[in-house]
J.: 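Here it is: the structure, laid out below.
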Amino acid sequence: MFSVIIPVYNCEKTVRQVLDSVRMQTRFDLVEEIIVLNDGSTDRTGKIIEDYISGNPAMPIRYFQHKNHGVSYTRNRGIHAAKAEWIALLDGDDVWLEQKLERQAQILAEHPEICFMGAAEPLKILFKRRHGLCKMTAADICLRSCTPTPTVVFKKSAGEVLGLFDENRQFGEDIQFYQRFLLYDSYYILAEKLVRISIQKKYFGESGLSSNIVKCSKSRDKNIKELYDMGLISKPFLAAMLLFSQIKLCRRWLIWSAHRCIAMLYHP
């Protein structure tokens, strides 16, 4: 049912845990293949993956290596190579909880109209907490970008028609791709905790692309403008969301600064 796509770059500290989280799935039988793509790592990531494959011959791992091209190129290469009907995304520093694929497969069986689904817990929009399976609108997505990549599953055929990840963008390309599923009227979020994010970081945004909050904010604005160009939100709503985005940027900067100060205090 699922092709699991895992791009990795300098993940020597986490890649074994990531692969273990796939192996420990309660419905591992749903995994047709695990496509691991090494995006030009310069540490021991490649050796650890090769050793893992040798030590777990029953796992259907396909391993690819290439020069560093960025995560979008790497994900797209894996998706194009995938054989299963459904794509399940995972990153090199996130792990799935054991029931992740089982829960999502149950929902997909009950709702054959779905071609894209993520997960988030808690799922709050405008201070209102949502439960169960939630069909999202363009307005919902503007108010909260609530789709962590390692929770995402989607139909390969639908994703390829929508163009997959923009390889020319470094920030916000994931949300940009996901929001295009609104054109299929099929953007769903399961309000359950199914993953653990950034398992080796003291706090989200400590390092990596997520640490550049200004560029992340600009990419968010670009995605909101794209929703307007797609005819999914009105011009007054666009203006309100761009103002809201600036307020959110200030809030994120304050939170990030506080986390950084605390981390430096307790982990100098």
J.: Using the side-chain contact (heavy atoms from CB on, under 4.5 Å) definition, which of the options Asp20, Val18, Thr14, Leu19 pairs with Arg16?
T.: Asp20
J.: For Asp51 and Ser54, which I'm curious about, is there any donor-acceptor pair between the side chains at under 3.5 Å?
T.: no
J.: When rounded to the nearest 0.5 angstrom, what is the spacing between CH2 in Trp86 and CG in Leu101?
T.: 12.0 Å
J.: In Å, rounded to the nearest 0.5 Å, how long is the span from CE of Met24 to CH2 of Trp96?
T.: 14.0 Å
J.: Less than 4.0 Å between a side-chain N and a carboxylate O, is that true for Lys135 and Asp140?
T.: no
J.: Quick check: are there more than 12 heavy atoms from other residues, nucleotides or ligands sitting under 6.0 Å from CZ of Arg23?
T.: yes
J.: So, do Leu227 and Leu182 sit near enough that their side-chain heavy atoms are less than 4.5 Å apart?
T.: yes
J.: Scan side-chain atoms only and decide if Gln25 and Glu102 contain a donor-acceptor pair under the 3.5 Å cut-off.
T.: no
J.: Return yes if a side-chain donor-acceptor contact under 3.5 Å exists between Tyr228 and Ser234, otherwise no.
T.: no
J.: With salt bridge (Lys or Arg N to Asp or Glu O under 4.0 Å) as the test, pick out the partner of Arg75 among Asp166, Asp91, Asp174, Asp39.
T.: Asp91
J.: Should the ring pair Tyr178 and Phe165 be called parallel, tilted or perpendicular, given that the plane angle runs from 0 to 90° and is split at 30 and 60?
T.: perpendicular
J.: Side chains of Leu133 and Ile114: closer than 4.5 Å at any heavy-atom pair?
T.: yes
J.: From Ile6 CD1 over to Arg62 CZ, what is the distance, rounded to the nearest 0.5 angstrom?
T.: 13.0 Å
J.: In the structure I gave you, are the side-chain heavy atoms of Val161 and Tyr184 within less than 4.5 Å of one another anywhere?
T.: yes
J.: Between Met1 and Glu85, is any pair of side-chain heavy atoms under 4.5 Å apart?
T.: no
J.: Would you please test Arg144 and Leu123 for side-chain contact (heavy atoms from CB on, under 4.5 Å) and show each step?
T.: CA-CA 9 Å; Arg144 182 185 175 187; Leu123 178 56; 3.8 Å; yes
J.: Out of curiosity, Ile34 CD1 to Asn56 CG, how far, rounded to the nearest 0.5 Å?
T.: 9.0 Å
J.: Are any side-chain N or O atoms of Thr151 and backbone N or O atoms of Ala119, one a donor and one an acceptor, separated by less than 3.5 Å?
T.: yes
J.: Would you say that Gln176 contacts Arg220 through its side chain, given a criterion of any heavy-atom pair below 4.5 Å between the two side chains?
T.: no
J.: Within a strict 4.5 Å, meaning less than it, do heavy atoms of the Tyr52 and Val15 side chains meet?
T.: no
J.: When rounded to the nearest 0.5 angstrom, what is the spacing between SG in Cys142 and CD1 in Ile175?
T.: 11.0 Å
J.: Return yes if some donor-acceptor pair links the side-chain N/O of Ser41 with the main-chain N/O of Gly46 below 3.5 Å, else return no.
T.: no
J.: Determine whether the aromatic ring centres of Phe177 and Phe116 lie less than 6.0 Å apart.
T.: no
J.: Say whether His69 and Glu167, considering side chains only, have a donor N or O and an acceptor N or O under 3.5 Å apart.
T.: no
J.: Would you check if Ile87 and Val153 make a side-chain contact, meaning some heavy-atom pair closer than 4.5 Å?
T.: no
J.: Measure the spacing between NZ of Lys100 and CD of Glu192 and express it to the nearest 0.5 Å.
T.: 12.0 Å
J.: So, His66 and Asn38: side-chain donor and acceptor under 3.5 Å apart, yes or no?
T.: no
J.: Ignoring hydrogens and geometry beyond distance, is a side-chain donor-acceptor pair present between Arg169 and Asn223 at under 3.5 Å?
T.: yes
J.: Any side-chain heavy atom of Val22 within less than 4.5 Å of one from Leu90?
T.: yes
J.: Ignoring hydrogens and angles, state whether a donor on the side chain of Glu33 or Ser3 is under 3.5 Å from an acceptor on the partner side chain.
T.: yes
J.: Between the main-chain N or O of Cys11 and the side-chain N or O of Arg44, is there a donor-acceptor pair closer than 3.5 Å?
T.: no
